[in-house]
There are 2 protein chains.
Amino acid sequence: MKMQERMKTPPVTLITIAEQAGVSVMTVSRALNDEGSVAAKTREKVRRIAAELGYSPNLSAKMMKGSRTNVIGILVNDLQSAVINEIIGAVSSAVRKLEMDLVIYNSIGDSDNAPSRGLGSMLQGLCDGLLLILPRISDTHLRQLEQRGLPVVLVNYWRPTDLPVVRGGNSDAAAAATRHLLQLGHRRIGFIAGSAFTGQSQERQHGYESALRGAGIEVDPKLIAAGDFGRRSGYEAASALLTAEDAPTAIFAANDEMAFGAIDAVRACGLQMPQDVSVVGFDDIPAAAHVHPALTTVRQPLAAISEAAVRELLVRITGAGGERQRVEFPSELVLRDSTAKAPGRAGSGAAPGRAGVTPVSRRAAASKTASRTVAATVTTATTAKPPVAAGAAGKRTPKKA
Amino acid sequence: MKMQERMKTPPVTLITIAEQAGVSVMTVSRALNDEGSVAAKTREKVRRIAAELGYSPNLSAKMMKGSRTNVIGILVNDLQSAVINEIIGAVSSAVRKLEMDLVIYNSIGDSDNAPSRGLGSMLQGLCDGLLLILPRISDTHLRQLEQRGLPVVLVNYWRPTDLPVVRGGNSDAAAAATRHLLQLGHRRIGFIAGSAFTGQSQERQHGYESALRGAGIEVDPKLIAAGDFGRRSGYEAASALLTAEDAPTAIFAANDEMAFGAIDAVRACGLQMPQDVSVVGFDDIPAAAHVHPALTTVRQPLAAISEAAVRELLVRITGAGGERQRVEFPSELVLRDSTAKAPGRAGSGAAPGRAGVTPVSRRAAASKTASRTVAATVTTATTAKPPVAAGAAGKRTPKKA
DNA sequence: ATGAAAGCGCTAACAA
DNA sequence: TTGTTAGCGCTTTCAT
């Protein structure tokens, strides 16, 4: 016996069921899909047999006939990213509510050249529509997608495109974060930029710069350091900023990971957090509440974004109408313990609701993971009105279960 | 103009190419797949045209013919889980090396009843094989899968099954963690169990109990609390343990999330970490290094596990032979700052390499995210020898980029 | 209410 | 080397 034959049950098809039920294949199809008219008794019988046999439809065949598969696809390039994972989780819930299925396609590494191969699979087959999350995809490929006629919605994409986009505020919230630092009396505020793929870093930097200008402060290019959204790059950028002449008293990193790196750098320089240097991040990934000191950062309403993205996609799949090309949700500033009054200054103001709070009581609050959120300026959607009133001032951060 | 017709390019099929090239469909198929014999010149031409037209094969059609799709699927039930995400990332790399594609199917919520619907899609179509990661899947469904003849490999599954399993050590590492606490002088050590789905919590509890017995300590059921792997449940379980009579001086949680909750609970009880109470977790999720105090925990070699799982799956897909039914990798204890000598005791020993380290210097070490790892007992695989020599004592934790 | 036939895009098997 | 035929599982169309 050289070949140990595996006992595979031949797949159950409509034919199998039809034979068992003594009806035609077509009747079975109709019975199972609730389409056309089938005698109640027949449908009952067919369904029972299908259940008994453990029938499950062959999606490929279904799709080949051009009908809907009820599967929507997500294309991501970095499953390690906490933000992306939160979005995926939220999308997952939204999709489930619609009784549809979700398939995630990980195109990590396909930075620019080869995504078409993988895309092809999703495209041609399987899914009715595609959600692109923080794609590094090139414009060329975006256009290819569009032409295929497969419904596509971009999530958190900020570069110019004609494709529909659902996203969270960057610029306004970044400005709010910067103003928060200004109110604490900081005058030299460093910025650590991320990579440019999705355009988000640029938006955040824009908010940072406009807040400075709004306060009558010149933007100093020497205070702007380049990073790549990774923790290490945040460490290095912050180290450079802090050891340079006329170092900043506060650092605004374009994402939380880099902010973590910046915190490490502050300590490595022998400085105290937040007394000597304040640090602000962006994203409010779960770890942001758990680092020490807990990170003041900006949170996008990822659940709302995800739900809207799915809704937009569905509208395009069904052709129901009412598409929006741009949907934006305001982000909100989350105050925690990584920011404090600028050293050697009384501070020209205090954080809302936190005036006079000493570092000690701040830390106590941190241990309970409590934090307050402050509304960022509400971004008005380009072609649609802001779908939710997110970001009410003073709203409590929901505790993570 | 009521209906804004979308301009969809009709999909490029073999037929399109065949017409353009003036050959038959079959020749095109052969040319593109390098199968059969095709004149070099013809193949060249066909390929050029295919490229020009941006052809990408219809996977569904391909699969319907029963040929390989070069896609492997992952079935998960919780994309929010940090552990699962790390596994997925590692699997992703492994799959990419094989020039195959990866599709993730999120079956969250399908705890027991309805996974067949979603499973069906993956099964019937799309993928050549399936990796089940920490599935909550019922035995019935497992068996169904097996019978379909679709190659399946379970990752980190601990309940009894005939299906192939690749997993990381639980029991031995949990015993090592418990012995670590014992060496620090702790005698009353609480255990917070997780949910029972994958059998992992039971394994960890088993290690905990056997270590206690090995030290001649009776297992006290009152020291064992039930959780569900969520942070909140860890908080509640730890609160209960700490406020009970004869409270433990150390708590071993079956995963990091619950350990975080336990740390919160310790503080909420007005106790100091780690002077009054030591806490140990399991998993070493990224956040474990960033909480305060940094968490002593157990790390599974997820990269090795993932690679082995993919390899096992591929072996089954190709029928190349050399299958292993059980592959296990030893896990290792990661010492950080959440564990210290038992209060009011000299301690019957000290953690390897950390004797005499005061809390102060411990915290300093934490800020650099430095940690040491200690080998857990090596678990010998059931039907195969341990594939890697993971867990050398004293090995440095690789710094996260 | 039910059935028969055709065909989606592709490839295995045979034919030329 | 190339082409023809058939059919994968399903649904749409047109009959009955």
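In this text, all values refer to a predicted model and were calculated from it rather than measured experimentally. Reckoned from all heavy atoms, side chains included, excluding hydrogens, waters and symmetry mates.
The separation between A:Glu35 atom CD and C:dG3 atom C1' is 17 Å, rounded to whole Å. Between A:Lys45 atom NZ and C:dA1 atom P the separation is 17 Å, expressed in whole Å. B:Glu19 places its CD atom 13 Å from the C1' atom of C:dG9, with the value rounded to the nearest Å. Whole-Å rounding puts the B:Leu14 CG to D:dC8 P distance at 19 Å.
How far CZ of A:Arg167 is from OG1 of A:Thr198: 10.5 Å, rounded to the nearest 0.5 Å. To the nearest 0.5 Å, atom NZ of residue A:Lys45 and atom CD of residue A:Gln20 are 10.0 Å apart. One distance of note links OG of B:Ser81 with CD1 of B:Ile87; it measures 7.5 Å at 0.5 Å rounding. For the atom pair A:Glu307 CD and A:Leu302 CG, the distance stands at 11.5 Å (nearest 0.5 Å).
Taking every side-chain heavy atom of A:Asn58 into account, D:dG9 is the closest of C:dC10, D:dG9, D:dT12. Closest to the side chain of B:Met26, from the set C:dT11, C:dG3, D:dG9, is C:dT11. Side-chain atoms of A:Ser37 lie closest to C:dA1 of the nucleotides C:dT11, C:dA1, D:dG3. Nearest nucleotide to the B:Arg30 side chain, out of C:dG3, C:dC14, C:dT2: C:dC14. Taking every side-chain heavy atom of B:Ala61 into account, C:dG9 is the closest of D:dG9, C:dA12, C:dG9.
Salt bridge A:Arg48/A:Glu44: absent, no basic N to carboxylate O contact under 4.0 Å.
Applying the 4.0 Å criterion to OP1 and OP2 of D:dT1, one finds that B:Thr27 has every side-chain N and O outside that range. Listed pair A:Asn33 / D:dT11 meets the phosphate criterion, a side-chain N or O lying under 4.0 Å from OP1 or OP2. In this model, the phosphate group of C:dC10 is approached by a side-chain N or O of B:Tyr55 to a distance below 4.0 Å at OP1 or OP2. Taking 4.0 angstrom as the limit, A:Ser29 places none of its side-chain polar atoms (N or O) nearer than this to OP1 or OP2 of D:dC10.
Among the atoms of the strands shown, only primed sugar atoms or phosphate atoms (P, OP1, OP2) are found under 4.0 Å from some heavy atom of B:Thr13.
If A:Ile15 and B:Arg43 are placed on DNA chain D by their nearest nucleotide, the residue sitting closer to the 5' end is B:Arg43.
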